[in-house]
Amino acid sequence: MSFHSMWAELLPVGRSSASGGYRRFAWTDADTDCRAWFEEQATARGLRHEVDRNGNQWAWLGDPAEGDAVVTGSHLDSVPDGGAFDGPLGVVSAFAALDELRGRDARFDRPLAIVNFGDEEGARFGLACVGSRLTAGQLTREQAHRLTDGDGVTLPRAMEAAGYDPDAVGPDPERLARIGAFVELHVEQGRALDLSGDRVGIASAIWPHGRWRFDFRGEANHAGTTRLADRRDPMLSYAETVLAARREAELAGAVATFGKIAVEPNGVNAIPSLVRGWLDSRAEDQTRLDTVVGGIEKAARSFADAHGIDLDVVRESFTPVVEFDHALRDELARILGTDTGLTVPVLGTGAGHDAGILSGSIPTAMLFVRNPTGVSHSPAESASEDDCVAGVLALADVLEGLACR
């Protein structure tokens, strides 16, 4: 099956007719359909399909017990109303790259696997890269079991409803010990390749990044009868903090976003008692990130004090800077630059990935495919067919260089 036919088959799954975006959330019907598609692709190619204790899917060529395997893939879930390419491009390209290598009559020296990591985006339970974090031991079973979605459904209940055993989740060092290299292909979430005119790039590092929850607590009251002077309105402090986040990010050359909010009692004619906002911030280095987040929190506390608001700030997740394995990164550059003659720039990224989570346990690397708009986490996310095919060929060349004679 060609890249184009696989892409067309997967494209409708989990797509909202209203927004045109994708709602492929962990352990939902759309996620189940994506998993079924993955298993079908594995079976059609004679690969051994398995699901590990953390719900990640694997399609194996060769015996994983031999060790030193080369693994590629990404994820199939999405952010709310996300684009088609973030995650799925890496999985579809992995199957297409294997097809390409078989067309070349490539002979494999090392086992090869294609993986679909579960719940990478964290759209449902609020924590990114759950499947890879569990596998790498960066998330415990107890912590995972405490995760809850917006409807109050816990992760264990969601897994059970989808037919999986939540009590089995946890670190999987034996599986990681089988892997000699993991290479993740991903659509670029920015415009660096578009500006340089290159179709494919290699990742150098992932910026440090995290998520912080700001809880502004005031006093609920009537919107029509309460004097402005008598109000303890947490929305004011929250709004000022959003603007402060933009200023702090600009000063530091970083990024900061309040992209999610919850309001109580959430009535049009009611002054809120609680405004809960989630901050996502990322920077090129740890010092800049600390400066940005510290500046935002300082400003938020000042605004809260001025309006008689109580404020709690909780860091919900954090990932330090990830330097991809230099030897593996250089090998990718050699394969794609020396062996194929391509110009392949090396660039950093502010987006988190499963490859970044696994980098502390195994050698990892990433390939980026050009995104002409630079838009991601949106239905406007895109990549041309020619660039997608270029990505498949680049990934095939890399896998051939790493795993074949």
side-chain contact (heavy atoms from CB on, under 4.5 Å) evaluation trace for Ile206 with Thr319: CA-CA 9 Å; Ile206 297 176; Thr319 303; 5.9 Å; no
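- Under the 4.5 Å side-chain criterion, counting only non-hydrogen atoms from C-beta, His4 is in contact with Val389.
- To the nearest 0.5 Å, atoms OG1 (Thr72) and CZ (Phe182) are separated by 6.0 Å.
- At a threshold of 4.5 Å between non-hydrogen side-chain atoms, the residues Arg217 and Asp312 count as touching.
- Contact check on Arg334 versus Asp330 returns no salt bridge, with no Lys/Arg side-chain nitrogen under 4.0 Å from an Asp/Glu carboxylate oxygen.
- By the 30° and 60° cut-offs, the orientation of the rings of Phe117 relative to Trp58 is perpendicular.
- In this structure, SG in Cys404 is found 10.5 Å from CZ in Arg107, a value given to the nearest 0.5 Å.
- Comment: Arg276 does not engage Glu316 in a salt bridge, judged by the lack of any side-chain N to carboxylate O separation of less than 4.0 angstrom.
- No salt bridge links Glu39 with Arg35; every basic N to acidic carboxylate O contact stays at or beyond 4.0 Å.
- The main-chain N or O of Val375 is found under 3.5 Å from a side-chain atom of Thr373 such that the two form a donor-acceptor pair.
- Of all the heavy atoms in Ala403 and Val70, the pair that sits closest is CB-CG2, 3.8 Å.
- Put simply, the side chain of Arg24 does not reach to within 4.5 Å of the side chain of Leu76, judged on heavy atoms.
- For an aromatic pair to be called close, the ring centres must be under 6.0 Å apart, and Phe258 with Tyr238 satisfies this.
- The shortest side-chain heavy-atom distance between Glu121 and Tyr22 does not fall under the 4.5 Å cut-off.
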Please lay out, stage by stage, how Ser204 and Arg329 fare under the test side-chain contact (heavy atoms from CB on, under 4.5 Å). CA-CA 7 Å; Ser204 59; Arg329 184 184 69 196; 3.9 Å; yes
Given side-chain hydrogen bond (donor to acceptor under 3.5 Å, both in side chains), test Glu184 with Ser74 step by step and report yes or no. CA-CA 6 Å; Glu184 181 175 3; Ser74 190; 2.7 Å; yes
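- A side chain to side chain contact (heavy atoms under 4.5 Å, CB included) with Phe216 is found for one member of Leu236, Leu274, Thr241, Asp233 and no other, namely Thr241.
- We find that Arg104 and Asp397 are joined by a salt bridge, their nearest charged nitrogen and carboxylate oxygen being less than 4.0 Å apart.
- Across every non-hydrogen atom of Ala144 and Leu139, the tightest pair is CB-CD2, 4.0 Å.
- The pair Asp280-Arg282 meets the salt-bridge criterion, with a side-chain N (NZ, NE, NH1 or NH2) lying under 4.0 Å from an Asp/Glu carboxylate O.
- With hydrogens and angles disregarded, a donor-acceptor distance shorter than 3.5 Å links the side chain of Glu188 to the backbone of Leu193.
- Ion pairing of Asp99 with Arg45 is present here, as a side-chain N (NZ or NE/NH1/NH2) and a carboxylate O approach within less than 4.0 Å.
- Asp86 contributes no side-chain N or O that, together with a main-chain N or O of His377, makes up a donor-acceptor pair within less than 3.5 Å.
- Between Phe95 and Trp7, the ring center distance fails the sub-6.0 Å criterion.
- Here Leu358 contributes atom CG and Gln138 contributes atom CD; the two are 8.0 Å apart, rounded to the nearest 0.5 Å.
- Taken to the nearest 0.5 Å, the CG atom of Asn54 stands 9.0 Å off from the CZ atom of Arg141.
- Side chains of Ser273 and Glu264: a donor-acceptor N/O pair is absent below 3.5 angstrom, by distance only.
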Test salt bridge (Lys or Arg N to Asp or Glu O under 4.0 Å) on Glu142 and Arg146; report intermediate values, then the result. CA-CA 7 Å; Glu142 293 73 23; Arg146 289 197 293 268; over 6 Å; no
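- Atom CG of residue Asp109 and atom CG of residue Leu402 lie 11.5 Å apart, to the nearest 0.5 angstrom.
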Pair Gln189-His353, side-chain contact (heavy atoms from CB on, under 4.5 Å): steps then yes or no: CA-CA 11 Å; Gln189 295 169 289; His353 301 280; 3.3 Å; yes
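- Among all heavy-atom pairs drawn from Ala383 and Pro372, the shortest one is CA-CD, 4.1 Å.
- Without hydrogens or angle criteria, His49 side chain to Phe38 main chain gives no donor-acceptor distance under 3.5 Å.
- With 3.5 Å as the limit, one finds no donor-acceptor pair spanning the side chains of Ser376 and Asn371.
- Under a 4.0 Å N-O distance rule, the pair Arg246/Glu250 qualifies as a salt bridge.
- In this structure, Glu248 and Lys298 have side chains that are not in contact, with every pair of non-hydrogen atoms separated by 4.5 Å or more.
- Note: His186 and Phe368 have perpendicular aromatic rings, judged against thresholds of 30 and 60 degrees for the angle between ring planes.
- Between the side chain of His75 and the main chain of Asp77, a donor-acceptor pair closer than 3.5 Å is present.
- The heavy-atom pair separating Thr364 from Leu328 by the smallest distance is C-CD2, 3.5 Å.
- Annotation: side chain of Leu289 is in contact with side chain of Phe318 (closest heavy-atom distance under 4.5 Å).
- Looking only at side-chain heavy atoms (C-beta outward), His307 and Glu240 come within less than 4.5 Å of each other.
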Start with the C-alpha gap between Leu176 and Asp172, add the side-chain angles, then the distance that decides, and say whether side-chain contact (heavy atoms from CB on, under 4.5 Å) holds. CA-CA 7 Å; Leu176 290 178; Asp172 201 347; 5.6 Å; no
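- A donor-acceptor contact closer than 3.5 angstrom is absent between the side chains of His222 and Asn269.
- No side-chain donor-acceptor contact under 3.5 Å links Asp151 to the backbone of Val153.
- For Asp81 against Ser19, the heavy-atom pair with the smallest separation is OD1-OG, 2.6 Å.
- Heavy atoms from other residues, nucleotides or ligands lying under 6.0 Å from CG of Asp29 number 12 at most.
- Ser281 places a side-chain N or O within 3.5 Å of a backbone atom of Val255 that can act as its donor or acceptor partner.
- For Arg48 (side chain) and Ala42 (main-chain N/O), no donor-acceptor pair under 3.5 Å exists by modelled atom type.
- Closest approach of Leu311 and Ala304 over heavy atoms only: CB-CB, 4.2 Å.
- Rounded to the nearest 0.5 angstrom, Asp119 CG and Arg124 CZ are separated by 9.0 Å.
- Side-chain contact between Arg231 and Asn221: absent, with no pair of heavy atoms (C-beta onward) separated by less than 4.5 Å.
- A distance-only check finds no donor-acceptor pair linking the side chain of Arg133 to the backbone of Ile357 [under 3.5 Å].
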